[in-house]
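Report on one structure; see the data block that follows.
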Amino acid sequence: MTDEPLKRFIPVTSISSGTIESVVPDVFSYTNQVVNLFFVKVNPSSSEWVLVDAGMPRSGDEIMKAARDLFGENTCPKAIVLTHGHFDHVGGLGDLLSEWDVPVYAHALELPFLTGVQNYPEPDPTVEGGMVAKMSKMFPNQAIDLSGKVQMVPENGHVPELPDWKWIHTPGHSPGHISLFRVADRTLIAGDAFVTVRQDELYKVLTQKKEITGPPRYLTTDWKAAKQSVKTLAELEPETAVTGHGMPVFGEELKAGLKDLAAQFDQIAVPSHGKYVDGDKH
Ligand SMILES: [Zn+2]
Ligand SMILES: [Zn+2]
């Protein structure tokens, strides 16, 4: 296994970094620098849990500490599920997997980037947006190699170890991006299919100013698919949503924001120029 591309600390942060929030009683959102990851209990009364996403490069120790704070010493997840394989969602995996001998799951279309077969396209620092978009050229896009550890999520939509959840293919931001949804209380873990902060703009990232918006622009390569994915998620009418970046959103604010984003995706989400945007908007 190698996570060599992810050894370098990336100096970006937000006011939320280091905080744990109980979003619904059995889902905890943890903010590591500028990205969120999630501790999801197998059921509300269980001490067993699954980790969803794995933070920024060099975050392994911090994630393990947060897990101990929540679940006690020597805790270990049943599995790790990845919404997608970008550097800011898999950064802690190398260290985590040397402590925790657990399976990692991702969508089949994401596996080439997680098994050393294919690099992600390079981030687009020219995409309009602020400082973070410009900084994105320092973001690693190289594949990591988790061969032997990572496997695909079951095709039937079940989420391993989380019987009340299902996964939904929400490509666009990356080819094998998935979101996790629990019908019972309409809780959604949307990864980067949409986010609740303008991730491209440094000031808004720093202050975590809440705004339901499209996927981070500098890494999104298929805007047509991204738009369809937001529609799919809006149709679920979630009550609670957590995303890869930004604060949790609830109730009417969520439903209205997601509906607007789906209806005006081209205006709100799609940059007017950039490497991965073709001339006419979809
Ligand atoms: Zn991403
Ligand atoms: Zn992200």
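Atoms within a ligand are numbered from 1 in the order they appear, just like the ligands themselves.
Listed by chain and number, the protein N, O or S atoms at a distance under 2.8 Å from the Zn ion (ligand 2) are Asp88 OD2, His89 NE2, Asp192 OD2, His245 NE2.
Salt bridge annotation for Asp266-Lys227: present, with a cationic side-chain nitrogen under 4.0 angstrom from a carboxylate oxygen. A salt bridge links Asp69 to Lys65: one of the charged nitrogens lies within less than 4.0 Å of a carboxylate oxygen.
Of the N and O atoms on the side chains of Glu110 and Tyr120, at least one donor lies less than 3.5 Å from an acceptor on the other residue. Thr115 and Asp145 share no side-chain donor-acceptor pair at under 3.5 Å. No side-chain donor-acceptor contact under 3.5 Å links Asp192 and His86.
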Quiz item: Can you check side chain to side chain contact (heavy atoms under 4.5 Å, CB included) on Ile178 and Tyr105, steps first, answer last?
Solution: CA-CA 11 Å; Ile178 58 171; Tyr105 294 92; over 6 Å; no
